[in-house]
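To keep things clear, I will list the structure first and then write my remarks on it.
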Amino acid sequence: MIEVFGLSLPAFPVAVVAAIVLALAVTAIAAFAFRMVGKRKSWARVLVKLIRVPFRMTVLIGALWLAVAGYLDVPEDWDATVGFVFRALFIGSATWLLCALLYYAEEITANKYRIDVRDNRVARRVRTQLRMLRRIGVVIIIICAIGTVLLSIPGAATVGASLFASAGLLSVVAGLAAQSTLANIFAGMQLAFNNALRVDDVVIVEGEWGKIEEITLTYIVVHIWDDRRMVLPSTYFTTTPFQNWTRHNSELLGQIDFDLDWRVNPAAMRDELNRVVAQTDLWDGRAVVLQVTDAVGGFVRVRVLVTAQDAPTLFDLRCFVRENLIDWVNAENPDALPLNRVEVRQQPDTPPVRPSSHSRKPARPVIEAPGLFSGDEGGKERAQHFTESITVQDWEDAPETLPAPR
């Protein structure tokens with residue numbers, strides 16, 4: 001019995017009520033303090049949002065455990081069972097709290113790296129690595145918690161020793177059975193830290209254009225442009241070639257091809273292209289080129305090259321340019337529409353008279369069309385990326401710290 005305000009009350013109910021009141025008081029004081037800080041600091045608001053429930057559960061279970069351990073009078077054989085139940089509950093709630101703290105650490109660190117800006121390559125790499133580290137940490141914490149609970153079972157040490165003694169063959173069998181799973185896990189870790197693939201990277205896989213939406217330890221989710229999801233094992237990206245359009249930056253160069261008649265006017269079409277791209281914000285101003293790349297099979301292949309800041313913008317820009325140039329060909333240069341010609345001639349009785357050299361027309365001027373890798377400073381700079389030689393260190397000019405050649 002416990003004396004409370006001069007009254008004799010049972011010890012166990014009073015201890016339970018006191019533990020609940022104490023837990024509520026501690027959580028209320030902590031919540032009030034963090035809310036006051038959260039009015040000025042965003043990190044406090046995020047912390048309260050993520051750990052509020054697991055923190056309350058941990059404090060409440062810990063307080064009840066102390067009350068039960070001190071004042072509950074049960075038979076000796078029940079005492080170990082009750083202690084094990086509260087120990088397991090406390091370990092479970094503490095594990096939940098630690099996992100929530102990992103989520104909080106990931107959230108706070110990721111907020112320093114914004115991905116809603118144009119050049120977000122570093123931010124996407126850091127976010128991918130943080131997500132992978134958080135998942136690995138959660139798995140490790142859960143495994144340690146389960147092991148701690150199992151080791152707290154009376155007699156588990158003896159059972160565990162016998163299991164470890166006979167686990168050699170079972171581990172070999174399990175390793176062979178889980179070979180593909182382990183390969184995916186190591187592949188996922190490799191992709192997260194070798195910077196070959198990041199969340200929000202634009203890729204071409206299996207002939208589909210999409211964005212990396214999620215990277216896990218065993219699989220990767222690709223968000224296809226038409227809102228489908230393609231789920232691929234992690235080993236796919238370590239064993240199969242794929243295109244990464246945002247490996248170093250998001251700027252891209254796209255092409256639009258036209259098969260036109262030989263009577264097309266490339267110079268006028270080039271002027272129209274320059275006028276069209278100058279009136280849209282989709283073009284980033286880096287390069288716009290129109291070239292005749294082929295002239296066989298009765299058609300002229302006109303290729304337009306334009307640049308944009310990212311893949312979605314490039315797609316819209318290509319559609320915009322294609323539509324406007326088609327409209328221009330129909331309205332201003334209808335002779336350039338592709339035709340299939342059939343010409344039937346009657347063999348003349350007398351051979352045709354060839355014109356003399358004095359009656360030839362004057363030579364037409366050469367059209368100086370700007371190219372993708374020539375014609376201006378931007379083209380020359382692009383050409384240097386593919387033509388610059390590798391710098392070779394001369395041993396005579398090498399620093400003294402380098403070893404001399406043998």
Side-chain angles (χ1 to χ4, degrees), residues 19-38 41-70 80-113 123 125-154 156-157 160 164 178 181-182 184-186 188-193 199 214-219 221 234:
I20 295 175
V21 172
L22 178 62
L24 293 177
V26 171
T27 55
I29 293 172
F32 176 77
F34 279 104
R35 285 196 181 96
M36 294 299 294
V37 177
K41 303 293 183 180
S42 60
W43 64 264
R45 294 193 297 271
V46 176
L47 182 63
V48 170
K49 178 181 177 181
L50 291 176
I51 73 167
R52 177 178 54 190
V53 176
F55 177 74
R56 290 177 177 176
M57 292 295 297
T58 304
V59 174
L60 178 61
I61 293 174
L64 289 176
W65 188 12
L66 293 176
V68 170
T81 303
V82 173
F84 168 74
V85 170
F86 274 97
R87 188 181 299 108
L89 291 175
F90 184 79
I91 292 174
S93 62
T95 302
W96 186 8
L97 179 60
L98 289 177
C99 293
L101 289 175
L102 282 181
Y103 274 92
Y104 168 73
E106 178 196 4
E107 187 73 18
I108 291 299
T109 308
N111 286 337
K112 299 179 181 178
Y113 298 91
R125 181 189 64 192
V126 172
R127 282 174 175 261
T128 302
Q129 294 176 353
L130 285 174
R131 186 173 300 179
M132 188 62 63
L133 287 174
R134 186 257 300 167
R135 287 176 174 169
I136 295 174
V138 168
V139 171
I140 293 175
I141 291 175
I142 292 176
I143 292 176
C144 293
I146 295 175
T148 304
V149 172
L150 292 178
L151 290 177
S152 64
I153 300 176
F164 281 120
T181 303
L182 293 176
N184 280 317
I185 292 175
F186 286 112
M189 296 175 62
Q190 178 183 350
L191 290 172
F193 293 99
V199 175
E214 185 178 3
I215 299 178
T216 69
L217 287 175
T218 55
Y219 64 89
V221 180
S234 299

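Keep in mind that what you see is a predicted model, and the values were worked out from it rather than measured. Residue numbers run from 1 in the order of the sequence given.
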>> How long is the straight-line distance from CD1 of Ile20 back to CG of Leu24, given to the nearest 0.5 Å?
In response: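 Reported to 0.5 Å precision, the distance equals 7.5 Å.
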> Could you give the distance from CD1 (Ile91) to CD1 (Ile146), rounded to the nearest 0.5 Å?
Replying inline: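 Going from the CD1 atom of Ile91 to the CD1 atom of Ile146 covers 11.0 Å.
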> Sequence neighbours excluded, which residues qualify as ring pair (Phe, Tyr, Trp, His ring centres under 6.0 Å) partners of Tyr104?
Replying inline: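 Expected list: none.
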>> Does any part of the side chain of Val53, heavy atoms only, come nearer than 4.5 Å to the side chain of Trp96, both counted from C-beta?
In response: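 They are in side-chain contact.
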> With a 4.5 Å heavy-atom cut-off, do Val46 and Glu107 have their side chains touching?
Replying inline: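 Counting from C-beta outward, Val46 and Glu107 do come under 4.5 Å.
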Restricting to non-hydrogen atoms, name the atom on [X] and the atom on [Y] that form the minimum distance, rounded to 0.1 Å.
X	Y	answer
Thr95	Ala145	OG1-CB, 3.0 Å
Arg127	Ala110	NH2-O, 3.0 Å
Leu50	Ala100	O-CB, 3.6 Å

> Counting only heavy atoms not in Phe86, do more than 12 fall under 6.0 Å of its CZ?
Replying inline: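 Above 12, so yes.
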For residues 130-143, tabulate all N or O donor-acceptor pairs below 3.5 Å that involve a side-chain atom, not counting sequence neighbours.
unit_1: Arg134; atom_1: NE; unit_2: Glu106; atom_2: OE1; d: 2.7
unit_1: Arg134; atom_1: NH1; unit_2: Tyr103; atom_2: OH; d: 3.1
unit_1: Arg134; atom_1: NH2; unit_2: Glu106; atom_2: OE1; d: 3.4
unit_1: Arg135; atom_1: NH1; unit_2: Ile215; atom_2: O; d: 2.5
unit_1: Arg135; atom_1: NH2; unit_2: Glu214; atom_2: OE2; d: 2.9

